[in-house]
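Here's the structure we're looking at; comments come further down.
Just so we're clear, the structure is a prediction, and the values are computed from it rather than from any experiment. We count residues from 1, following the sequence as given. What you see below is based on every heavy atom in this structure, not just the backbone, and it leaves out hydrogens, waters and symmetry mates.
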Amino acid sequence: MRVMLLTLSRHFCTTSNNITSTLKSSKTKFPCRYKKATLSQAQQSLTDYLHATRSIPYAFADQISKNSIHSLSNLISKLGSFSSSDFPKKLDRFLRYNPINEFEFFFESIGIQYAQISHLLPHDKFFFSEDGSLLDSACVLYEFGFPWDKLGVIYVESGFLFRMSGSELKGRLCWFQRYTFCNVQIVGICLTFPYVFGVEEGKLVDEIDGLLSELKLVFLDFDLGGSVEGNVDVWHEVCRKIKVFYDLNDGKGKIGELIGRNKHVILEHREEDLIEKVEYFCRFGVEKEEVSRLILQGSELLNLDFEKPVINVLKLLKHIGMSSKGVSDVRKNYAHALGTIKMENLPNVMRAMGLQEWFFDRIKDGNHMLLVNFIESYPNEEHDKVYQGCLKTIRNARTPTHNMSKLNFMHTKGFGENAMTMDILTHMHGTSEELQKRFDCLLHLGIEFSKLCKIITKQPKVLSQNPETLEKKINFLRQEMGKSLELLETFPAFICFDLENRIKPRFRFYMWVLEKGLSSKKYSIASMIATSDKNFVGRAFKIHPAAPKHWFEQFYPKKF
C-alpha cells in the first residue's frame, strides 16, 4: 500500500509532455501536428459519451476524460488507421457500439497509477450504474473541495468511504468540523493523513484524535491558519510539512506546540528541504524526536549546504568544544577518519569514531549555531597533499571510474580524505556495490559501525569476501566457538582465514585435545588459527607424540 501511495504522487505530475509520449506509443499513428488536437477531440468525445449516453453529470464526466490519458490512448489505439477529417465521428461511432469499462477510466482519473488499476477493477461490473456508491462518493468528495485527481490517495488508504452513501459520507466530513477546521484545511489534512477517515470504524481512535488535536493547536491556537492564504494545494503542502515532524515523533503527538512556536519553519521552507535535513541528522543515529526538535529550534540549519563544503574534522571537533585530551585520543585511535571530509559524509565520520551522540548533544538545545558558524567560517578546506597525489594517480589510471567508486564508498563510510584511506583502498577488492553489501552484512551480524571501520583499517581484506561466507564465519565464531564479536577487534584476520580448511579443523582438534585431557593449556584463537601448518604440527607433537597422527587422520583437510 505504501508503494502505491508513493506512485500516486508521481502520477499527479502528468503534463502535456508525457501525454504526447503516451500517444506516441499508441498503435494508431498520428502525424505530430495533429496530436494535441486529436487528444482534445478524444477527451471531448469521451466527456459527451459519459454525460449524454451514460448520464454522468457533465462536471464529473469532464474530470474523468481529462485525467485518464493512458486509458484514452488505449481506446484510440483500437480505432485503426487515422484520418484527421473523420476521427471524431469514428471515435463517436466506436463508443456507440463498444461501451468502455468505466471503472478503468475512473481509477486512472482519480490519480491511481495505471499499472495498479487492473488489480482494482471489479470482476463482475462494467458500468457505474452497476455500483451503488463509487461515483457518488467521489462526487461528494469533489464537491466538498477534494481535487478529483487526488482522490486516489483516499481510495487506497480508506477505500471503505467509496462504499458509503452520499449522506453517510457528508456526515463523515462534517465530523471533522468539530475541531473547527475549514474545508480547505480538512482536505489538506485528509490528503496528508488519509487514515483519519477510519475513526468511526473504530480504528486508531486515540491516535487520530491526538493528531487532529495537535493540528488544531497549530492551526488555531498558534494561528498558523492566519498566515496561510491559499487553496487546497497550499494547505496540502502545509500539512505535508507538518507530517515530516509528526512522523519523527512516531505519530505520538505532543509535537504541536513545538511546531506552533516555530511555525516560520513550516511557512518559509520547502518540504524537500525539510526532508533533506531530517534525513541528514537522522543519520547520526539519535532519537528522531531529538532531530525534529533540533531542526524546529535551529532553522538556520535549513539554509546550509550540506553537500559541497569540505571541512577539517579536527578543526570541527575543537570548534564545538572537544577537550585537548579528547582530540589527542581521536588522533591516536581514529586516524582513518581524520583529514578533510565532505559535509555530506559528516554523520558517518562521527559514527566511525563513535562520536555521533556526543556531536549531536553538542549542537542541540540551541547550540546549533556552533555548526552554522563553523561551516560559514571554514567552507572549503584544502586536501592533504599525499591524498591529492593519490587522487591524481587514480584519475590517470586505466580504470579510474572503478577505483573512484570504491574510494567514494569508503568516504561515505566515514573514512577521511587522507593517506591511510588511500592505502586501505589498494587492499580492497570488488566493486563499490559488492563492498556495500559486505559492509551491510557485517553490520547486520552485530558489529558496531565504529568497530567495523577499525577492523577494516587493520584488515581491509575482510571486505573481499561475499556476504554468505562472512555470515558463516561469524556464526561459527559465536555459536560453535562461543566467542563474542569483540574478538574481531584484536584479531580481525580471523575473518580472512578459510572456514572449512583452517578454522573448523583446527578449532575442533583443539577441542579434542581438551576433551581427552591431553593438555590444560589455553591457546588464544589467534595463535590457534594464524600459526603456520608447520608450527601447528610442532605444537601438537609437544602436546602428545601421537597427536599429529590423529590431526592428519581425523582433522587435516583431505584436499591437502
- Item | Minimum heavy-atom distance between Leu224 and Val238, given as atom pair plus value | CD2-CG1, 3.8 Å
- Thr192 side chain vs Gly188 backbone, donor-acceptor pair below 3.5 Å: yes
- Query: Does the Thr47 side chain pair with the main chain of Gln43, one donor and one acceptor, at a distance under 3.5 Å?
  - Reply: yes
- Is the closest side-chain donor-acceptor distance between Ser45 and Asp48 under 3.5 Å? no
- Side-chain heavy-atom pair Asn98, Leu75 within 4.5 angstrom cut-off: no
- Query: Which is it for Met350 and Phe284 under the side chain to side chain contact (heavy atoms under 4.5 Å, CB included) test, yes or no, and what are the steps along the way?
  - Reply: CA-CA 8 Å; Met350 291 299 161; Phe284 284 90; 4.0 Å; yes
- So, do Phe281 and Val278 sit near enough that their side-chain heavy atoms are less than 4.5 Å apart? no
- Query: Does the Asn348 side chain pair with the main chain of Thr412, one donor and one acceptor, at a distance under 3.5 Å?
  - Reply: yes
- Message: Whether the side chain of Asp273 engages the backbone of His269 through a donor-acceptor N/O pair (distance < 3.5 Å, no angle test) should be reported.
- Response: no
- Point-to-point distance, once rounded to the nearest 0.5 Å, from NZ of Lys90 to CG of Leu79: 6.0 Å
- Message: Please identify which of these residues, Phe162, Phe106, Phe103, meets the ring pair (Phe, Tyr, Trp, His ring centres under 6.0 Å) condition with Tyr155.
- Response: Phe162
- Interatomic spacing from SG in Cys139 to CZ in Phe60 - rounded to 0.5 Å: 3.5 Å
- Message: With a 6.0 Å cut-off on the ring centroids, do Phe181 and Phe176 count as close?
- Response: no
- Item | Other residues, nucleotides, ligands: >12 heavy atoms within 6.0 Å of Glu272 CD | yes
I'd like a table of donor-acceptor pairs (distance under 3.5 Å, sequence neighbours excluded) in which one partner is a side-chain atom from residues 257-264, with atom names and distances.
from, atom 1, to, atom 2, distance (Å)
Glu257, OE2, Arg261, NE, 3.0
Glu257, OE2, Arg261, NH2, 3.0
Asn262, ND2, Leu258, O, 2.8
Lys263, NZ, Phe222, O, 2.8
His264, NE2, Ser299, OG, 3.2

- Test: Asp233 and Lys150 ion pair at under 4.0 Å: yes
- Message: Would you say Gln63 and Tyr142 are linked by a side-chain donor-acceptor pair, where the criterion is simply a distance under 3.5 Å?
- Response: yes
- Taking the side chain as C-beta and beyond, is there a heavy-atom pair between Phe128 and Ile64 under 4.5 Å? yes
- Message: Donor-acceptor pair, distance only, cut-off 3.5 Å: does the side chain of Glu108 make one with the backbone of Gln113?
- Response: no
- Message: Walk me through whether Lys364 and Glu290 qualify under salt bridge (Lys or Arg N to Asp or Glu O under 4.0 Å).
- Response: CA-CA 8 Å; Lys364 71 178 186 179; Glu290 292 293 327; 3.6 Å; yes
- For the residue pair Trp235 and Gly230, what are the closest heavy atoms and their distance? CD1-O, 4.1 Å
- Do NZ/NE/NH1/NH2 and the carboxylate oxygens of Asp62 and Lys66 come within less than 4.0 Å? yes
- Message: Could you report the tightest heavy-atom contact between Gly210 and Tyr246, atom names first, then the distance?
- Response: C-OH, 4.4 Å
- Item | Any residue meeting side chain to side chain contact (heavy atoms under 4.5 Å, CB included) with Glu237, in chain and number order, not counting sequence neighbours | Arg240, Lys241
- Message: For a quick test of reading the model, state the closest non-hydrogen atom pair linking Leu248 to Cys282 and the distance between them.
- Response: CD2-SG, 3.9 Å
- Query: Is a side-chain donor or acceptor of Ser165 paired with a backbone partner of Glu168 at a separation under 3.5 angstrom?
  - Reply: yes
- With side chain to side chain contact (heavy atoms under 4.5 Å, CB included) as the test, would you mind laying out the steps for Ile56 and His51 before giving the verdict? CA-CA 5 Å; Ile56 297 174; His51 175 57; 5.7 Å; no
- Note on the structure: Heavy-atom nearest pair, Pro99 first then Phe126, reads O-CE2, 3.4 Å
- Message: Rounded to the nearest 0.5 Å, what separates atom OG1 in Thr469 from atom CZ in Arg438?
- Response: 9.5 Å
Give every donor-acceptor pair under 3.5 Å between a side-chain atom in residues 439-448 and any protein atom, sequence neighbours left out.
from, atom 1, to, atom 2, distance (Å)
Asp440, OD1, Gln436, NE2, 2.9
Asp440, OD2, Gln436, NE2, 3.1

- CZ-CG distance between Arg96 and Leu91, expressed to the nearest 0.5 angstrom: 10.5 Å
- Item | Pairwise distance NE2(His236) to CD(Glu271) - rounded to 0.5 angstrom | 8.0 Å
- Message: Just verifying a value: how many Å separate Gln44 CD and Asp92 CG, rounded to the nearest 0.5 Å?
- Response: 10.0 Å
- Message: Could you check whether any side-chain heavy atom of Cys190 comes within less than 4.5 Å of a side-chain heavy atom of Ile154, counting everything from C-beta outward?
- Response: yes
- Message: Counting C-beta onward and ignoring hydrogens, is there a side-chain heavy-atom pair between Phe245 and Ile242 closer than 4.5 Å?
- Response: no
- Query: Do Leu141 and Trp148 come within less than 4.5 Å of each other through their side chains, counting heavy atoms only?
  - Reply: no
- Can you tell me if Ser405 uses its side chain to pair, donor with acceptor, with the backbone of Thr401 under 3.5 Å? no
- Message: Between Val349 and Phe415, does the side chain to side chain contact (heavy atoms under 4.5 Å, CB included) criterion hold? Intermediate values first, please.
- Response: CA-CA 7 Å; Val349 169; Phe415 288 83; over 6 Å; no
- Query: Below 6.0 angstrom between ring centroids: does that apply to Phe160 and Phe197?
  - Reply: no
- Query: Is any side-chain heavy atom of Leu301 less than 4.5 Å from a side-chain heavy atom of Leu294?
  - Reply: yes
- Sub-3.5 Å donor-acceptor pair from the side chain of Ser77 to the main-chain atoms of Asn74, do we have one? yes
- Item | Phe409 vs Met428 side-chain heavy atoms within contact, under 4.5 Å | yes
- Would you check if the side chain of Arg283 reaches a backbone N or O of Glu344 as a donor-acceptor pair within less than 3.5 Å? yes
- Message: The test is side chain to side chain contact (heavy atoms under 4.5 Å, CB included); show your working for Arg54 and Ser129 and say whether it passes.
- Response: CA-CA 9 Å; Arg54 302 301 308 148; Ser129 57; 3.5 Å; yes
- Item | Gln177 atom CD, neighbour heavy-atom count above 12 within 6.0 Å | yes
- Message: Tell me the closest heavy-atom pair linking Ser133 and Asp131, and the distance in Å.
- Response: N-OD1, 2.9 Å
- Task: Establish, from distance only, whether the side-chain atoms of Glu307 and Tyr280 form a donor-acceptor pair under 3.5 Å.
- Result: no
- Item | Ser137 (side chain) donor-acceptor with Leu161 (main chain) under 3.5 angstrom | yes
